[in-house]
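So the structure is just underneath, and the comments pick up after that.
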Amino acid sequence: MGGKMIVIEHAKFMELFVPAPEREVEPTERLSSLDFSKIAVTPESAMYGPLMDALNQDWLLPHDHAVATPHKADPTSSSRKKIDGGIYPRQHAPTNSEETRWGYIELSIECKTMSGAQQDPFDEDKDDPEPISGLRRSILGQIMTYSVLVFDDQHRTHHYTLLILGDTARIIRWDRSGVVATHKFNYVQNPLMLAQFIWRFARMSPAERGHDITAVRVLPGSADYKLMDEYASKIPKATPGIPPVEDHVHRLFKKSLVNASRWKLRVDDADKGPQYFLVGNADFKAPGLAGRGTRTYVALDVTHRTRRSFAYLKDAWRVAHLNIDQEGDILKVLNSDDNGGPVNYVPTLRCHGDVEAQVTVSQDVWEMKYGGKGLVCPLKTHRHYRLVVNEVGLPLSEFQHTSELLALFTCVIKAHGQAYNGKGLIHRDISAGNILIYPTLRPHPVTGKMQATRVALLADWELAKRVNEDDEGPRQPDRTGTWQFLSASALSRPSKRIIVQDDMESLFHLLLYQAIRYLPHNCSDVGRFIDQYFDGYEQDRGVYYGGEKKMRSMRDGILSNQLLEPLEFYLSEPTPPPEPILLQPMTEVSKAPENAEATSHATAGGGSLTQSGIPSQADPGSPSTKSALPEPTLAEDPPLHPINGLFNDILQLIKAHYSLYVPRTVKSRSSAKVASTQDAEEEESHDDPLLMVDFVAHVKTAPTSKGIPAARPSPSTMSPANLADLEADAAKLASHDAMVDLFVGYYVESKKWSKKDRVPDKLPPKYRRRNERRIAASIKRSADSTFETSDRPPKRNCTVGGR
């Protein structure tokens, strides 16, 4: 989070964020006489009571109550985190239970015993106040985590924290851009500095305290609360002869109301005026504090009493930099009849708009402090924004089998191509969270009868860019996209302009991500593969770059498992190798010859296995050895999955692209077996109206994978004919038609594939990315894992979405 922390004078902080109320005279003398000397500085447990007692005076907090909550976590929060204390509205303050309540806390209070630098999360001895020491970074991560929980459980524009450090304190303000803190001050010697803040804070409006006033709580017993229950329990009406396709919407909405705070959100559409939606728990919630903070909801549209319906609502803090369009405006272009008509397989806009004047301010404070020093501000300006679309989709991870997965990817390539060629827009953020499965009805091309099918929607166009824009450098101060699925080329060059080849490579990474998690293969350590290939990174002088495994795979055109063997996918799970059998001493074998075969094992070379499982040389003349050890049995790999061919074919296109633009000599590797469909179980073929209608022009003969070819020479040493072949392959990566042809060819062939090739998720449930593992033993989240942006490798979120 380098560069996102700013420390300013206490007086300036108060002037900017906590001004004196206009209709009440500030009792300066009384505030100056407030006695904080009774607050012990050690042990920490002795600080809580006296601090809360000093604050709980009616003249100081007329409508709020300060409560110490160091021992009991919020029972409604899955985080199980607790904080030392906080200020709450009196009607929602914890009572006898003294449980932290993240959904109602107004001011977070955290206490530490040391007034020196040891526990101070802000290092004022250097230009960037981000601390270096492990303890100080841990404390920074701790108080950040508490702020994240407040943002998660409330609808917030910003939040304040009071950090007590012995007899000194800091006041901290968090928003989606960065964090601003006061210089450390001694509140015992200068009680006015703390008392004035508390007195003014108690008189601030909800908006000034950081509440989003366009989000209103829906209370139990209210008409809106009852309406949400009614629609959650409704069963969709079935139309005779037409399969139901909206069951998932009601299921998701009902699920969102379990143990949920309910809200009524307002969307200010420039054309339609205010629109209102009822929501429960978020369907998706981005981790971290700084950034877009995206949350999505299955929402009930209650704008018009007679036209209530479900929709999908996205609440985010969009980047408000020059030439970055609102996502809703991009969807308008995609949905319009101009330039070839509406783009297929994208969401349909219902309404959108910025949320009042809610904009981050940390970046302005940074400019105020550092702007005249010739530095580039690392903070983005974020503006609160809401978008609503008609379609409610399912996660891509809910694909039924590989055949369907290929059909879904074909939809995405088609949408990407129509947007690029017809509307002049490139998506630039292909990721697992941005492709949804959408159950819908389509007419059969022959019978005309409505038939249920599932298509893909390419969603989240907020990072899309117009193709014809002058390329005058990046519009944002870091990379664009989701780390795990960015092309290796983009990860190696932070300011690279994203082109079609990058998005097509991102689709390859996404297909591999689904396959490595949900198909049988020869990679026994999926967590390690995910960590190295998708989450891997290198750091050089404060700049993050992609990991070696992804780049090497793209340049070599080969995927490998943790043993550096070619990665292979199978039609069924491979048989695990037999457990090694530990040898007993030969004296034992001679005593019990009937158990010799059960207690000894031979290697293929005639040696024996020691108790450590390591082959050792046996005496070839020993009759007891020969008679006691049976011949080994080796497990056979199941038939290869035909998707290996698709992976190999795409890899050769990517490799050709990299060979032309990032020349490199690659060591020759042997060819792997070509995937075959002959061993797939016979199943009844099915006609798919989606394929027949939308992709019939792309149906050709089934592809024949070339397997993994030997490495080509450098383009500089190629013959003209070979160079032409290389250029032709590279050109296919930039051609949407060629990519659709490739996927449709395999999709047609997939009719012969098993429809039972999907297996349970292979990613370990407790998988942690490398930076998160370092703090796994602690209950406190690190600074890096809480204050992340898209230019850095991700630290958590197993769904790996970029919403």
Side-chain angles (χ1 to χ4, degrees), residues 287 395-402 404-406 408-409 430-433 435 482-486 488 491 505-537 546-554 556 558-577 579 635 637-648 650-651 672 675 708 754 756-774 776 785 793-802:
L396 179 63
S397 58
E398 293 192 18
F399 70 92
Q400 297 170 336
H401 43 70
T402 311
E404 181 184 52
L405 189 62
L406 297 189
L408 297 172
F409 271 70
I430 303 294
S431 68
I435 297 177
T482 303
W483 184 273
Q484 293 96 331
F485 307 106
L486 281 171
L491 289 175
E505 183 185 325
S506 293
L507 277 171
F508 170 84
H509 298 314
L510 180 54
L511 182 63
L512 175 62
Y513 183 79
Q514 301 300 324
I516 200 70
R517 290 185 64 174
Y518 300 109
L519 294 182
H521 48 68
N522 65 343
C523 179
S524 61
D525 192 344
V526 172
R528 182 179 178 186
F529 184 91
I530 295 285
D531 185 72
Q532 293 180 344
Y533 186 97
F534 292 98
D535 297 332
Y537 69 93
E548 179 186 9
K549 189 173 183 67
K550 180 186 283 189
M551 176 61 82
R552 178 171 296 183
S553 298
M554 297 305 98
D556 291 4
I558 300 173
L559 297 173
S560 59
N561 63 13
Q562 77 280 359
L563 299 178
L564 300 182
E565 301 169 340
L567 179 63
E568 294 179 341
F569 294 90
Y570 303 125
L571 288 171
S572 60
E573 288 284 13
T575 303
E579 292 289 336
D637 288 335
L640 286 171
H641 198 294
I643 200 173
N644 289 298
L646 178 58
F647 281 133
N648 290 336
I650 300 175
L651 273 171
I708 304 177
S754 170
K756 300 177 182 178
D757 57 0
R758 178 183 168 124
V759 297
D761 192 355
K762 289 176 171 289
L763 185 66
K766 296 183 179 181
Y767 167 68
R768 291 176 180 268
R769 292 182 170 82
R770 61 181 67 184
N771 281 342
E772 193 173 320
R773 288 197 297 269
R774 291 185 299 184
S785 66
K795 315 301 188 297
R796 60 194 312 266
N797 176 20
C798 284
T799 59
V800 199

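Contact record, A488 with M551: O-CE, 3.4 Å, taken as the closest heavy-atom pair. Taking all atoms of both residues into account, the shortest heavy-atom contact from P574 to Y570 is CD-CD1, 3.9 Å. Nearest heavy-atom pair, D525 versus R528, reported as atom, atom and distance to 0.1 Å: OD1-N, 3.1 Å. Scanning all heavy atoms of the two residues, the minimum distance from P764 to G527 falls at CD-N, 3.8 Å. Residue H521 comes nearest to L519 through the heavy atom pair CD2-O, 2.9 Å, listed as atom of the first residue, atom of the second, then distance. Nearest approach of S553 to L651, heavy atoms of both residues: O-CD2, 3.9 Å.
By the 4.5 Å heavy-atom criterion applied to side chains, I516 and K762 are not counted as neighbours. The closest side-chain heavy-atom distance from F534 to T482 is not below 4.5 Å. I435 is not listed as a side-chain neighbour of L408, based on a closest heavy-atom distance of 4.5 Å or more. Side-chain contact between L396 and F409 is present, with at least one heavy-atom pair separated by less than 4.5 Å. In this structure, the side chains of F647 and L511 come closer than 4.5 Å at one or more pairs of heavy atoms. Looking only at side-chain heavy atoms (C-beta outward), Q484 and I530 stay at 4.5 Å or farther from each other. No side-chain heavy atom of P638 sits under 4.5 Å from any side-chain heavy atom of E573. Side-chain contact between C523 and L567 is present, with heavy atoms from C-beta onward closer than 4.5 Å.
A donor and an acceptor atom, one from each side chain of S524 and Q562, are located under 3.5 Å apart.
Residues satisfying the side chain to side chain donor-acceptor pair (under 3.5 Å) test with Q400, not counting sequence neighbours, are none. Judged as a salt bridge (charged side-chain N to carboxylate O under 4.0 Å, His left out), and not counting sequence neighbours, K549 has no contacts. For the salt bridge (charged side-chain N to carboxylate O under 4.0 Å, His left out) test, no residue two or more places apart in sequence or in another chain qualifies with E398.
Distance alone, capped at 3.5 Å, is enough to place a donor-acceptor pair between the N644 side chain and the F569 backbone. Under a 3.5 Å cut-off, the side chain of N522 and the backbone N or O of P566 do form a donor-acceptor pair.
Of the inter-residue distances, the one linking D757 atom CG with H401 atom NE2 reads 8.0 Å to the nearest 0.5 angstrom. One distance of note links OG of S397 with OH of Y513; it measures 8.5 Å at 0.5 Å rounding. The structure places CD of E548 at 9.5 Å from CD of Q532, a figure rounded to the nearest 0.5 Å.
The only option from W483, F485, Y533 that meets the ring pair (Phe, Tyr, Trp, His ring centres under 6.0 Å) definition with H509 turns out to be Y533.
The residues K550 and E505 are annotated as not salt-bridged, no charged nitrogen and carboxylate oxygen being separated by less than 4.0 angstrom.
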Point to revise | CA sep, side-chain torsions, deciding dist, call: Y518, T402, side chain to side chain contact (heavy atoms under 4.5 Å, CB included) | key: CA-CA 9 Å; Y518 300 109; T402 311; over 6 Å; no
Can F529 and L512 be said to form a side chain to side chain contact (heavy atoms under 4.5 Å, CB included), step by step?
CA-CA 11 Å; F529 184 91; L512 175 62; 4.2 Å; yes
